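A short write-up of the structure that comes next.
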There are 2 protein chains.
Amino acid sequence: MPRTTDGDGTPVPQRLLNAATRLFAEQGYDRTSVQEIVEAAGVTKGALYHYFGSKDDLLHEVYARVLRVQQERLDHFSTMDAPVEKRLRGAAADVVVTTIENLDDAMIFFRSMHHLSPEKNKQVRAERRRYHEQFRALIEEGQREGVFSTATPADLVVDYHFGSVHHLSTWYRPDGPLTPQQVADHLADLLLRALRP
Amino acid sequence: MPRTTDGDGTPVPQRLLNAATRLFAEQGYDRTSVQEIVEAAGVTKGALYHYFGSKDDLLHEVYARVLRVQQERLDHFSTMDAPVEKRLRGAAADVVVTTIENLDDAMIFFRSMHHLSPEKNKQVRAERRRYHEQFRALIEEGQREGVFSTATPADLVVDYHFGSVHHLSTWYRPDGPLTPQQVADHLADLLLRALRP
DNA sequence: TTACACATACCGACTGGTTAGTCTGGTCAT
DNA sequence: ATGACCAGACTAACCAGTCGGTATGTGTAA
């Protein structure tokens, strides 16, 4: 196996993904040329097209990574052995922390979906929908038990919360006054307070 | 004044802006060529570059229009003669309705900011900030009066709400089950319920 | 152990195509 | 006839993806 790593120990595909993620978040997908990506990763086009089928594939990988992580996290909180308020609060706060810790990914996720090819876009939407429905199920469970208000349809509540998560990448600054955990606690609080019967 | 209008009665600059708005929302700024815009508007490049300095200018005009409308609306509700809960609820619901009625604008607004030139971007951010602060002032007023909870900083509450507004363009469908007004009432409800002391 | 085949990892010049913006030359109401 | 308004060919730059080529490994048979 020849130089799959170079300089640092990070394998070339990883280096390419990292560079692409940063550049896509900074300048957007269309404004980032393949040439820039390979230069930032310290390789050439040959390497990129050796590991990835297209520029589009690179973007898709970013999505796949985000979806995988978020789904795993939600599974964890969904299946916890605790009252539904605690499970929902845990999940709601966790997605905020995770999003802040990967702001670049979040930025790309919500800003660049329309750059994915139609099939990939469809696939991402399907996985996203599954996530959404699992989250909604938590709220509906609480509504059935009477611990959450039924004034607002669960679907809308989910969109309300994820709107704020989505929005994080446009206003949160790591050098701001609030830590990720503090923001997460506040946003989860707002959700739970809105759901009080 | 020669044919500033043509075919229909709409003046050419308007036709160009309308075409650009629709195309930017459908395909994104970068994926839309100037050629497509002028064809959709039924003119040629000469006309576009007669009225607008650049493609970027066209985008900026979309932003200017949105900002102007939203600011006017907020001013109206801010200065209303009514208790602060009513003023906040009115403003919160109205921005939802307005956003749904101009989903294309909203889509462009949140997805294409980074395509604006640096100065224009800065200008838009400044006006946006003014809007944000005026909205925040409403919440702080209610908090001082004791009608809103002070558990969450007003800034965060504003971002929470505008996150959901921002998010509308990704999930709201005109052919869905809820009318714009119904969505607006629900989202305003969630905000006010979260703010109950 | 050497020799040779084969595979994997990567390089970088090149191609075909697209794009924003320019420029020259009209046209038409007043 | 004059100037605001517009047509459309043209240019210079850029970009995703290709392709022939090189380098370094691994397996295998003499």
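Because only heavy atoms are used, hydrogens play no part in the values below, and waters and symmetry mates are left out as well, while side chains stay in. Given the structure is predicted, the values throughout are model-derived calculations rather than measurements. Just so we're on the same page: letters track the sequence lines, and every chain starts at 1.
Atom CG of B/D30 is separated from atom P of D/dC14 by 15 Å (rounded to the nearest Å). Distance B/Q35 CD to D/dC6 C1': 14 Å, rounded to the nearest Å. In this structure, CD of B/E39 is placed 13 Å from C1' of C/dT19, rounded to the nearest angstrom. At whole-Å resolution of the value, CZ in B/R31 and P in D/dA16 are 11 Å apart. B/L48 places its CG atom 13 Å from the C1' atom of D/dC5, with the value rounded to the nearest Å. The nearest whole Å value for the distance from the CD atom in B/Q27 to the C1' atom in C/dT19 is 14 Å.
OP1 or OP2 of D/dC6 lies within a sub-4.0 Å distance of a side-chain N or O belonging to B/Y51. Within the structure, a side-chain polar atom (N or O) of A/H50 is placed less than 4.0 Å from OP1 or OP2 of C/dA9.
Summarising the hydrophobic clusters (Ile, Leu, Val, Met, Phe, Trp, Tyr; side-chain heavy atoms under 4.5 Å, direct or chained), the residues clustered with A/M80 are A/F77.
Nearest-nucleotide positions on DNA chain D for A/G53 and A/E36 put A/E36 closer to the 5' end.
If you look at A/H166 and B/H166, their ring centroids are closer than 6.0 Å. Annotation: B/Y131 is in aromatic contact with B/F162 [ring centroid separation under 6.0 Å].
For the residue pair B/Q35/B/S33, the side-chain donor-acceptor check at 3.5 Å is not satisfied.
A cation-pi arrangement is not found for A/K120 relative to A/Y63, the charged atom failing to lie both closer than 6.0 Å to the ring centre and inside a 45° cone about the ring normal.
Sorted by residue number, the members of residues 54-64 of chain A with any non-hydrogen atom under 4.0 Å from DNA chain D read A/S54, A/K55.
Of the candidates B/D75, B/V69, B/L67, B/Q71 forms a side-chain contact (heavy atoms from CB on, under 4.5 Å) with just one, namely B/D75.
Under the rule for a side-chain contact (heavy atoms from CB on, under 4.5 Å), the partners of A/Q123 that lie at least two apart in sequence or sit in another chain are A/H60, A/E127.
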Please table the atom pairs, donor to acceptor, closer than 3.5 Å between any side-chain atom in residues 190-197 of chain B and protein atoms at least two apart or in another chain.
{"from": "B/R193", "atom 1": "NE", "to": "A/A194", "atom 2": "O", "distance (Å)": "3.1"}
{"from": "B/R193", "atom 1": "NH2", "to": "A/S149", "atom 2": "OG", "distance (Å)": "2.9"}
{"from": "B/R193", "atom 1": "NH2", "to": "A/R196", "atom 2": "O", "distance (Å)": "2.7"}
{"from": "B/R196", "atom 1": "NE", "to": "B/R193", "atom 2": "O", "distance (Å)": "3.1"}
{"from": "B/R196", "atom 1": "NH2", "to": "A/R193", "atom 2": "O", "distance (Å)": "3.3"}
{"from": "B/R196", "atom 1": "NH2", "to": "A/R196", "atom 2": "O", "distance (Å)": "3.2"}

Check: residues 150-158 of chain B side-chain donor-acceptor pairs under 3.5 Å, at least two apart:
{"from": "B/D155", "atom 1": "OD1", "to": "B/H132", "atom 2": "NE2", "distance (Å)": "3.2"}
{"from": "B/D155", "atom 1": "OD2", "to": "B/R136", "atom 2": "NH1", "distance (Å)": "3.4"}

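Closest contact between the side chain of B/Y49 and the listed nucleotides C/dG21, D/dG17, C/dT19 involves C/dG21.
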Quick one: which protein N/O atoms are closer than 3.5 Å to N/O atoms of nucleotides 12-15 of chain C? Pair and distance per line, please.
{"from": "C/dG12", "atom 1": "O6", "to": "A/G46", "atom 2": "N", "distance (Å)": "3.4"}

